[in-house]
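The structure appears below as structure tokens.
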There are 2 protein chains.
Amino acid sequence: MIPLEKRIDLLRVIAHPIRIRILEELTHGVKCVSDFEDSLDISQPNVSQHLILLRTNGVIDFFVDGRLKCYFLKEPLIPDMLELLKKEYAEDIPAPACCPVTKKRTYPGERRR
Amino acid sequence: MIPLEKRIDLLRVIAHPIRIRILEELTHGVKCVSDFEDSLDISQPNVSQHLILLRTNGVIDFFVDGRLKCYFLKEPLIPDMLELLKKEYAEDIPAPACCPVTKKRTYPGERRR
DNA sequence: TTAAAGCATAATAATATTTGCATGTATTTA
DNA sequence: TAAATACATGCAAATATTATTATGCTTTAA
């Protein structure tokens, strides 16, 4: 059982436009830092910082290939997460039927008062 | 087609321990502010601030019942997200087979050099 | 063996997030 | 009508996140 706290940390780490793009690209295969430098159009140190943040949180990892660092996806939740982010929903959750219970001030269960 | 940017904002808003707990509780039914004040063990203004942040981002909404504000889930992605956060994975994504392509410095596609 | 490529690190500045505290408003009850 | 309940708002302080700049290390190529 993985602790929810860890998963929330994971959410925080993922929740950034640049890092989402990094993860998207990594679903298509291995990439090195300068690949991202080209495709993301941000500075190389900034790329490194995002990659390091992702790595220290277990989201990605790399192997060394000469002077390249080849990053790849590690966290299995990521593909599911990216898919969920693109999922379309027809409509909002409907508001609760208006409101026999709360109008009496007696919430289901233990409404104190 | 909902823009990815909006979904990333949604991620940012969700990615907080208190707000995740709020959303968890709302999956079980309508709650008012003081309900959260009890269950979350944080100050009332802090509860309000989290609720307002969730509301201004379209995650939740409320109806007024006398002097109570009864909050409920609105964003249909939330239940799926909470489920995904609890999903267990047997193992990490395996590292790419070591590494015929990158060792030649010829990434699939357009490796420059 | 020098230079360049590829990447990381450190320090700083800018910005955003989060919380705490004090106070304000509306609704209900006494 | 005064007090209490339920909640919001404003402001400041603390903290976290992000980007920038300069620099350093390692590996490869000339």
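Lettering of chains follows the sequences in order, A, B, ..., and the numbering in each one begins at 1. Worth knowing before you read on, the calculation uses all heavy atoms, side chains too, and leaves out hydrogens, waters and symmetry mates.
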Mark yes or no for whether [X], through its side chain, and [Y], through its backbone, hold a donor-acceptor pair below 3.5 Å.
| X | Y | result |
| --- | --- | --- |
| B/Arg7 | A/Lys87 | yes |
| A/Arg19 | A/Val13 | yes |
| B/Gln44 | B/Ser34 | no |
| B/Arg55 | B/Tyr71 | no |

- [ ] Decide yes or no on side chain to side chain contact (heavy atoms under 4.5 Å, CB included) for B/Asp35 and B/Glu25, but give the supporting numbers first.
- [x] CA-CA 10 Å; B/Asp35 287 328; B/Glu25 297 196 14; 5.9 Å; no
TODO: Mind listing the residues from residues 6-24 of chain B sitting with a heavy atom below 4.0 Å of DNA chain C? Number order is fine.
DONE: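 Only B/Arg12, B/His16, B/Arg19 qualify.
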Has [X] got a side-chain N or O lying under 4.0 Å from the OP1 or OP2 atom of [N]?
| X | N | answer |
| --- | --- | --- |
| A/Ser48 | C/dT9 | no |
| B/Asn46 | C/dG20 | yes |
| A/His50 | D/dT17 | no |
| A/Tyr71 | C/dG6 | no |
| B/Ser34 | D/dT5 | no |
| B/Lys69 | D/dA8 | yes |

TODO: Between A/Pro45 and B/Glu37, name the one whose nearest nucleotide on DNA chain D is closer to the 5' end.
DONE: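 This one resolves to B/Glu37.
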Mind calculating the distance between [atom1] ([X]) and [atom2] ([N]) to the nearest angstrom?
| X | N | atom1 | atom2 | result |
| --- | --- | --- | --- | --- |
| B/Lys31 | D/dA6 | NZ | C1' | 17 Å |
| A/Leu53 | C/dT9 | CG | C1' | 15 Å |
| B/Leu51 | D/dT9 | CG | C1' | 14 Å |
| A/Asp38 | C/dA5 | CG | C1' | 13 Å |
| A/Arg55 | C/dC7 | CZ | C1' | 13 Å |
| B/Ile42 | C/dG20 | CD1 | C1' | 12 Å |
| A/Phe36 | C/dC7 | CZ | P | 10 Å |
| A/Asp61 | C/dC7 | CG | P | 15 Å |

Task: A/Glu24, CD: over 12 other non-hydrogen atoms inside 6.0 angstrom - done: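 Counting neighbours around CD of A/Glu24, more than 12 heavy atoms of other residues, nucleotides or ligands fall under 6.0 Å, so yes.
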Open item on the list: Please determine whether the number of non-hydrogen atoms from other residues, nucleotides or ligands lying under 6.0 Å from atom CD of A/Glu83 exceeds 12.
Closed with: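 No, because the 6.0 Å sphere around CD of A/Glu83 holds 12 heavy atoms or fewer from other groups.
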Open item on the list: Looking at the base of D/dT26, is there any donor atom on it, or on the side chain of A/Arg67, that sits under 3.5 Å from an acceptor on the other one?
Closed with: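 No pair found.
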Open item on the list: Any donor-acceptor pair, under 3.5 Å, between the side chain of B/Gln44 and the base of C/dG20, if you only look at N and O atoms?
Closed with: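 No.
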Task: Check: B/Cys32 and B/Asp65 side chains under 4.5 Å, non-hydrogen atoms - done: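 No, too far: nothing below the 4.5 Å cut-off.
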Task: Among D/dA19, C/dA8, D/dA8, the one nearest A/Gln49 by side-chain distance - done: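 Among the listed nucleotides, the one closest to the side chain of A/Gln49 is D/dA19.
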